[in-house]
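Below is one structure, written out as structure tokens, with a few remarks after it.
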Amino acid sequence: MSEKKAVVLLSGGLDSTTVAAIAKQQGYVVYALSFDYGQNHKQELDSAARVAQKLGVAQHAVVKVDLRSFGGSALTSDMPIPKHRSAADIGHGVPVTYVPARNTVFLSLALAWAETLSATDIFIGVNALDYSGYPDCRPEFIAAFENMANLGTKIATEGGSRILIHTPLISMTKKQIVQAGLALEVDYSMTTTCYDPSASGEACGGCDACQLRLKGFAEAGVADPAPYRI
């Protein structure tokens with residue numbers, strides 16, 4: 001019986017780490033894919049490497065894609081990171097931390113790797129509840145990409161296989177995500193979520209990503225093991 005392979009997008013953050021653990025729990029042989037895309041800090045790539053090793057993935061690929069050459073985001077430029085926004089503000093509109101077409105680019109490369117592996121399953125940790133309003137995290141986007149993947153690949157058009165984009169977190173709150181990961185014994189101390197960490201990796205505690213993460217742990221009644229500089 002052939003092994004069940006899956007490409008899992010792994011940023012090193014809370015969501016993608018939880019998704020990688022879910023994929024492994026579901027019996028997939030995990031091929032983790034991370035991106036050095038010109039983001040302002042590389043701590044998340046260090047976290048992704050730690051997570052990949054801890055989970056015992058079959059392979060961890062880090063692909064360099066220079067989205068910084070385009071800019072357009074506070075994560076790929078010198079634009080300031082918004083801090084201490086209200087929950088209403090976080091849930092309204094698309095913030096400056098949105099990286100133009102990032103998930104389209106990442107999923108396209110995940111699809112390319114999956115096809116070379118003869119794998120038809122791709123996992124991504126997008127979420128459309130406790131999130132920052134990114135349009136490429138919505139169910140409609142994922143459904144459209146999956147449809148495109150099945151129209152534009154040899155494995156689907158000639159091989160008779162159907163490519164599936166798995167989004168196990170898409171309708172979960174951050175509390176539920178934390179609880180799901182803890183049930184799978186995920187070590188969240190290895191993860192990096194912050195948009196603006198210190199040089200030593202301490203989270204700022206004030207950016208949207210930190211606020212949503214802290215909210216999830218607080219609602220789950222568990223202390224966040226990540227280091228903060230607040």
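Owing to the predicted nature of the structure, the values given are computational and were not obtained by experimental measurement.
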I170 CD1 to F141 CZ distance, which is reported to the nearest 0.5 Å: 10.0 Å
S16 side chain to S11 main-chain N or O, any donor-acceptor pair under 3.5 Å? yes
Atom CD1 in I163, atom CE in M148: separation rounded to 0.5 Å? 8.5 Å
Non-hydrogen side-chain atoms of C194 and Y228 separated by less than 4.5 Å: no
Can L129 be reached from I142 by stepping across I, L, V, M, F, W or Y side chains whose heavy atoms are under 4.5 Å apart? no
Mind checking what makes side chain to side chain donor-acceptor pair (under 3.5 Å) contact with N150, not counting sequence neighbours? none
Name all residues meeting the side chain to side chain donor-acceptor pair (under 3.5 Å) criterion together with N127; count only those two or more places apart in sequence or in a different chain, and write none if there are none. none
Side-chain (K174) to main-chain (E219) donor-acceptor, under 3.5 angstrom: no
Hydrophobic cluster partners of V19 (side-chain heavy atoms under 4.5 Å): V8, L10, L14, I22, Y28, V30, V51, L55, V57, F123, L169, M172, I177, V178, L182, L184, V186, Y188, M190, F217, V222
Could you give the distance from NZ (K5) to OG1 (T120), rounded to the nearest 0.5 Å? 11.0 Å
For F106, give me all partners under ring pair (Phe, Tyr, Trp, His ring centres under 6.0 Å), at least two apart in sequence or on another chain. F35, Y37
Nonpolar side-chain network containing L45, other nodes, edges under 4.5 Å: V62
Any side-chain heavy-atom pair from T167 and P139 closer than 4.5 angstrom? no
E140 atom CD, neighbour heavy-atom count above 12 within 6.0 Å: yes
W113 vs I122, test: side chain to side chain contact (heavy atoms under 4.5 Å, CB included). Steps then yes/no. CA-CA 10 Å; W113 195 21; I122 297 169; over 6 Å; no
Checking side-chain polar atoms at under 3.5 Å, does S73 have a donor or acceptor matched by the opposite partner on R102? no
Rounded distance (nearest 0.5 Å) linking atom CD of Q39 with atom CG of L75: 8.5 Å
As an exercise, state the distance from CD of Q176 to OG of S171, rounded to the nearest 0.5 Å. 7.5 Å
Does K54 have any salt bridge (Lys or Arg N to Asp or Glu O under 4.0 Å) partners at least two apart in sequence or in another chain, and if so, which? none
May I have the step-by-step check of side chain to side chain contact (heavy atoms under 4.5 Å, CB included) for L111 and I165, ending in yes or no? CA-CA 9 Å; L111 176 62; I165 310 297; 6.0 Å; no
N/O donor-acceptor pairs under 3.5 Å from side chains in residues 86-95, not counting sequence neighbours:
residue, atom, partner, partner atom, Å
S86, OG, D89, N, 3.1
S86, OG, D89, OD2, 3.3

Distance-minimising heavy-atom pair for T76 and R68: O-CG, 3.2 Å
Report the distance from atom CG of D196 to atom CD of Q43, rounding to the nearest 0.5 Å. 9.5 Å
So, the side chain of N40 versus the backbone of A74: is there a donor-acceptor pair under 3.5 Å, distance only? yes
When you measure from the side chain of D136 to the backbone N and O of N103, does any donor-acceptor pair fall under 3.5 Å? yes
Review item, side-chain donor-acceptor pairs of residues 198-212, under 3.5 Å, at least two apart:
residue, atom, partner, partner atom, Å
S198, OG, S200, N, 3.4
S198, OG, S200, OG, 3.1
S198, OG, G201, N, 3.4
S198, OG, E202, N, 2.9
D208, OD1, R85, NE, 3.2
D208, OD2, R85, NE, 3.3
D208, OD2, R85, NH2, 2.6
Q211, NE2, R85, O, 3.1
Q211, NE2, G206, O, 3.2

Apart from M79 itself, residues in the same hydrophobic cluster as defined by side-chain heavy atoms under 4.5 Å: V96
D78 atom CG: more than 12 heavy-atom contacts under 6.0 Å: no
Mark yes when over 12 heavy atoms from residues, nucleotides or ligands other than Q53 sit less than 6.0 Å from its CD; otherwise mark no. no
S189: what forms a side-chain contact (heavy atoms from CB on, under 4.5 Å) with it, not counting sequence neighbours? D187, P225
Listing request: all ring-ring contact (aromatic ring centres under 6.0 Å, His included) pairs with a residue in residues 40-68, at least two apart in sequence or in separate chains. none
Evaluation steps, side chain to side chain contact (heavy atoms under 4.5 Å, CB included), between F145 and I124: CA-CA 12 Å; F145 189 94; I124 183 171; over 6 Å; no
Show which residues join L164 in its hydrophobic cluster (side-chain heavy-atom contacts under 4.5 Å, direct or indirect), or state none. none
